[in-house]
Amino acid sequence: MQVFTRDTFFELGEEETLLEGLERTGHHVEYQCRSGYCGACRIKLKVGSVVYSTAPLAFVKRDEILPCCCRPAEQIVIDDVPLKSKL
Amino acid sequence: MKMKYSTFSQTDNDQMREPMFFGQPVNVARYDQQKYPIFEKLIEKQLSFFWRPEEVDVSQDRIDFRNLPDHEKHIFLSNLKYQTLLDSIQGRSPNVAFLPLVSIPELETWIETWSFSETIHSRSYTHIIRNIVNDPAVVFDDIVRNQHIIERAGDISNYYDDLIQYGNLYNQFGDGSHQLNGQTVNVSLFELKKKLYLCMMSVNVLEAIRFYVSFACSFAFAERRLMEGNAKIIRLIARDEALHLTGTQHILNIMQEGEDDPQMAEVAQACRAQSVELFRHAAEQEKRWAEYLFKDGSMIGLNYNILSQYVEYITNLRMSAVGLEPIFPGASQNPIPWINAWLVSDNVQVAPQEVEVSSYLVGQIDAEVSVEDLGDFEL
């Protein structure tokens, strides 16, 4: 599944959560619980849709996703996650 | 006029149609049907997090503390005093302030569960303080005597006190203009709702910003392999607080949407400017606190500037989570990214031999039985 960010794009691994994929490719994402209850990693989803293995406890608005516990259902575009090297 | 508070309202009602607050007081504590199942899920999660301070050994901390230079002793103890203050307030106030106003059972129980877990935090501070100083009273007594702590205590408890007082008036006299002790007092449900909303916002600020400033200090010591028992406890506390924060964000967002109570959406709009100011004021106050913490010297990895930047960064994040525009334009980067490694909470290690995973207490018994299991069974 392809993930497009502001600075680059990458292929998400089979076993990876979106957060793990973003970290592997050098993106800066906030995190805390890594299991969907704190909401620290919430980001805006610009294009596409994601699926959660279990519904997260944290509050997520309609245009937001929690990368720590979701995977893309199709190609997605996320805008507000910069590469660490571009910070 | 609202129904007066009763510990068991005998009016038959449909709890699924009650708003979160200001409907009919909850009668039957039932969870087979839920208007907002999220609160039940939060309760279950919180219960699965259960821990006791005594599980964490803080004996090495005593030795570490004795060897700290004086200015770091000041940082550590002041931080601990502040944490003690925050949880003293949180261990009781949600119960006293919110329970008389709540009208659905799952939220009522969440509030009680939430507040109870804060009392564990309070007990853990005593556990730490008892272990690192000879006379705990010296630390505890200063909380009500230290001007820097008192100043913040007022700002936090005022919102609760105001809500409780006004709620009492409303419950006793209802809507309207009343003559009380020769003074005219105007009471309205709209005003009461505003006080509830602002109080919830202030709780959000407490959980989302104030606590995290204190966590940063605790973990800065542990980054240098000092006061690690303390850091283990603070990790458990941080895990709980992340959940409480989620609860408060849900409450605030449900209020703002207005589906639950249309007037609450109006209230949220009316309180918008005040909410922004609440965040700004707290952030400034936390920065002044950082100044006090580092007055005699910084510590490795943390100083006034870094902590202030962190306050601004985290204020921005938390504001957008409750639908407010960030107020610190420059602060889009976490100046202490190492804090996240301490805040990762699904694998909080209590003692080397027992790793507590958040799902630890649920499903720990293997209830699967197959025919083979009974293969060598004879009567």
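Hydrogens, waters and symmetry mates play no part in the numbers below; they use all other heavy atoms, side chains included.
Contacts between residues 309-326 of chain B and chain A, defined by a heavy-atom separation under 4.5 Å, are made by B/Tyr313, B/Leu317, B/Ser320, B/Ala321, B/Gly323. Below 4.5 Å, heavy atoms of chain B meet no heavy atom from residues 3-24 of chain A. Within residues 202-214 of chain B, the residues having any heavy atom less than 4.5 Å from a heavy atom of chain A are, in residue-number order, B/Tyr212.
Applying the ring pair (Phe, Tyr, Trp, His ring centres under 6.0 Å) definition to pairs two or more places apart or across chains, none involves residues 64-87 of chain A.
Taking OG of A/Ser35 as the reference point, atom CZ of B/Arg239 lies at 9.5 Å (rounded to 0.5 Å). How far OH of A/Tyr37 is from CD of B/Gln46: 9.5 Å, rounded to the nearest 0.5 Å. Here the straight-line distance linking atom CD of B/Glu257 with atom NZ of A/Lys61 works out to 9.5 Å at 0.5 Å rounding. Interatomic distance, A/His28 NE2 to B/Gln333 CD, rounded to the nearest 0.5 Å: 6.5 Å. For the atom pair SG of A/Cys38 and NE2 of B/His244, the computed distance is 13.5 Å after rounding to the nearest 0.5 Å.
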A/Phe59/B/Thr246 under side chain to side chain contact (heavy atoms under 4.5 Å, CB included): CA gap, chis, key distance, verdict = CA-CA 7 Å; A/Phe59 181 82; B/Thr246 286; 5.7 Å; no
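Taking a 6.0 Å sphere around CD of B/Glu259, one finds it holds 12 or fewer heavy atoms contributed by other residues, nucleotides or ligands.
Between the side chain of B/His250 and the backbone N or O of A/Leu57 there is at least one donor-acceptor pair closer than 3.5 Å.
When B/Asn334, B/Leu245, B/Ile339 are compared by the number of non-hydrogen pairs under 4.5 Å with chain A, B/Asn334 comes out ahead.
Between the side chains of B/Asn340 and A/Glu30, at least one donor-acceptor pair of N or O atoms lies under 3.5 Å.
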